[in-house]
2 protein chains.
Amino acid sequence: MKKLKRSARLVEMTQYLLARPHTLISLTAFADRYQSAKSSISEDLAIIKEVFEGEGLGELNTLAGAAGGVKYIPKTDKTAALRTMHGICRQLEQPERVLAGGYLYMTDMIGQPALMGEVGRIFASAFAGKDIDVIMTVETKGIPLAYATATYLNLPVVIVRRDNKVTEGSAVSINYVSGSTKRIQTMSLARRALKDRSRVLIIDDFMKAGGTVQGMVDLLSEFNATVAGVGVFVESGEVGTEERLLEDYISLAKLTNVDLKTKQTTVVPGNYFQP
Amino acid sequence: MKKLKRSARLVEMTQYLLARPHTLISLTAFADRYQSAKSSISEDLAIIKEVFEGEGLGELNTLAGAAGGVKYIPKTDKTAALRTMHGICRQLEQPERVLAGGYLYMTDMIGQPALMGEVGRIFASAFAGKDIDVIMTVETKGIPLAYATATYLNLPVVIVRRDNKVTEGSAVSINYVSGSTKRIQTMSLARRALKDRSRVLIIDDFMKAGGTVQGMVDLLSEFNATVAGVGVFVESGEVGTEERLLEDYISLAKLTNVDLKTKQTTVVPGNYFQP
């Protein structure tokens with residue numbers, strides 16, 4: 001790369017860091033890339049850090065020493081996250097979203113990459129400190145959320161299929177009972193999709209009793225994998241605590257009170273925002 | 001936002017533009033945001049433009065006049081795109097990827113958000129000039145590619161389901177014949193997922209004879225929608241021209257010569273790179 005002026009270098013370093021979240025970049029790599037002294041690079045990083053942290057974009061963590069460098073950790077602070085989720089809750093309360101069975105139509109919202117990016121960033125903030133190897137979701141509507149989260153955490157994604165038609169070599173299938181509908185369903189994952197002893201973050205779009213998530217947890221044990229966390233976009237509060245199959249999860253929104261006759265619903269921020 | 005020094009403002013403007021591709025931002029909005037004169041903002045934008053265009057990140061288009069402003073168009077130039085795809089082709093040629101029926105295992109690659117981001121950016125470059133309202137894909141493996149492309153084009157995504165169990169109000173289902181396996185299959189889309197007369201970009205991960213893509217094209221006609229473009233990540237060159245159901249598409253890689261016995265394959269850059 002040709003030598004840049006400081007102003008141009010700040011622009012370039014900003015885009016370079018934003019494109020590489022959760023990745024340690026050594027000062028030497030930057031100094032080489034921009035043919036600049038490490039002291040200049042350090043000054044630039046201090047400016048970028050101040051802006052990122054001041055604007056609530058996340059942290060720029062500097063690690064000192066020979067193996068040192070800088071790592072960008074995208075975050076949304078809780079106040080900004082709550083503001084985003086309040087807006088999402090208002091959208092989710094629109095009466096035309098109420099579907100049979102107390103589900104909500106939210107495919108149009110899941111179809112907006114920028115909105116999913118905001119939600120993924122909130123999940124990435126919630127799980128930034130966890131030791132995670134891979135993010136898992138089940139097709140179909142959890143996929144955009146899982147990828148948005150994975151992008152900010154710099155992690156790979158595995159997608160569990162809802163059938164056993166996996167044409168990708170040997171697969172592990174399990175039957176699970178959807179906690180709310182009580183129907184027996186199947187989910188599968190190709191054997192080679194997940195390394196032994198992986199630490200897995202489960203992300204899904206909607207959770208009622210938690211049968212689907214519990215199915216994924218059971219599937220993980222077949223791979224000697226462990227659950228590093230569970231994040232759901234919207235949980236249904238229409239489920240009694242005794243019906244809830246899962247206790248340890250983060251929800252960003254909670255659907256309470258669905259009146260199928262009047263199509264009135266209430267959606268409030270989820271347990272992530274509880275004090 | 002508090003008034004920033006130029007160096008900090010350059011960092012902030014860079015991240016602001018990167019987060020809002022294909023979005024017109026007026027100089028007035030920037031001037032208000034940073035409490036700065038439009039002349040200073042224009043100078044900053046000139047620096048950012050030079051870096052973005054010099055580094056092959058895309059274009060920063062300035063529109064003059066009262067309704068003017070600046071728009072960031074993410075692009076990967078063809079040389080860089082070809083370099084990326086050469087690397088992907090080498091990965092795709094690994095013998096352990098060959099599956100029965102001449103398909104390739106590429107779920108692990110699709111599971112890498114950063115790689116999908118690069119591919120999505122290439123698609124976004126290829127279709128940047130087209131008039132598109134929405135990106136369509138079919139579950140499951142096309143979804144990450146569709147979202148990556150949609151993120152860079154600032155467009156919504158609709159996902160066609162491979163069954164008719166759509167629980168989202170009335171849906172349109174069609175039967176289609178997979179060109180390569182000759183099996184009859186079903187795909188569905190909720191009636192409310194797509195507005196009338198939408199201009200649709202179809203994105204998918206793999207195309208053999210093109211039956212699935214043709215199915216999506218047929219489905220679009222049920223919505224009075226039109227095809228604005230078709231992009232496939234990998235096409236199979238094992239299909240004779242007379243079998244190919246579709247002519248007008250962009251492919252980024254082409255699988256030629258699959259030897260199921262020796263597991264030798266050849267994957268070359270797709271028709272997007274043909275002169």
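All values below come from the heavy atoms of this structure, side chains included, with hydrogens, waters and symmetry mates left out.
Nearest heavy-atom pair across B/Gly111 and A/Tyr147 is CA-OH, 3.4 Å. For A/Pro113 against B/Pro156, the heavy-atom pair with the smallest separation is CD-CA, 4.1 Å.
Heavy-atom proximity under 4.5 angstrom to chain A picks out B/Ser7, B/Ala8, B/Leu10, B/Val11, B/Glu12, B/Thr14, B/Gln15 from residues 7-16 of chain B.
The candidate with the highest count of non-hydrogen atom pairs below 4.5 Å against chain A, out of B/Leu17, B/Leu18, B/Ile47, is B/Ile47. For the set A/Arg192, A/Gln112, A/Glu139, the entry with the most heavy-atom pairs within less than 4.5 Å of chain B is A/Arg192. If you tally non-hydrogen atom pairs under 4.5 Å between each of A/Arg6, A/Met116, A/Arg20, A/Glu55 and chain B, the highest count goes to A/Glu55. Annotation: maximal heavy-atom pairing with chain A below 4.5 Å, among B/Thr107, B/Thr151, B/Thr140, occurs at B/Thr140. Ranked by heavy-atom pairs shorter than 4.5 Å toward chain A, the options B/Leu4, B/Ile110, B/Asp44 are led by B/Ile110.
Between the CD atom of A/Glu50 and the NZ atom of B/Lys5 there is a distance of 8.0 Å, given to the nearest 0.5 Å.
Neither the backbone nor the side chain of B/Ala114 comes within less than 4.5 Å of any heavy atom of chain A. Interface remark: A/Val51 contributes side-chain atoms only to the contact with chain B (heavy atom separation under 4.5 Å).
Looking at residues two or more places apart in sequence or on another chain, you find a side chain to side chain contact (heavy atoms under 4.5 Å, CB included) between B/Lys49 and B/Glu53, B/Leu60.
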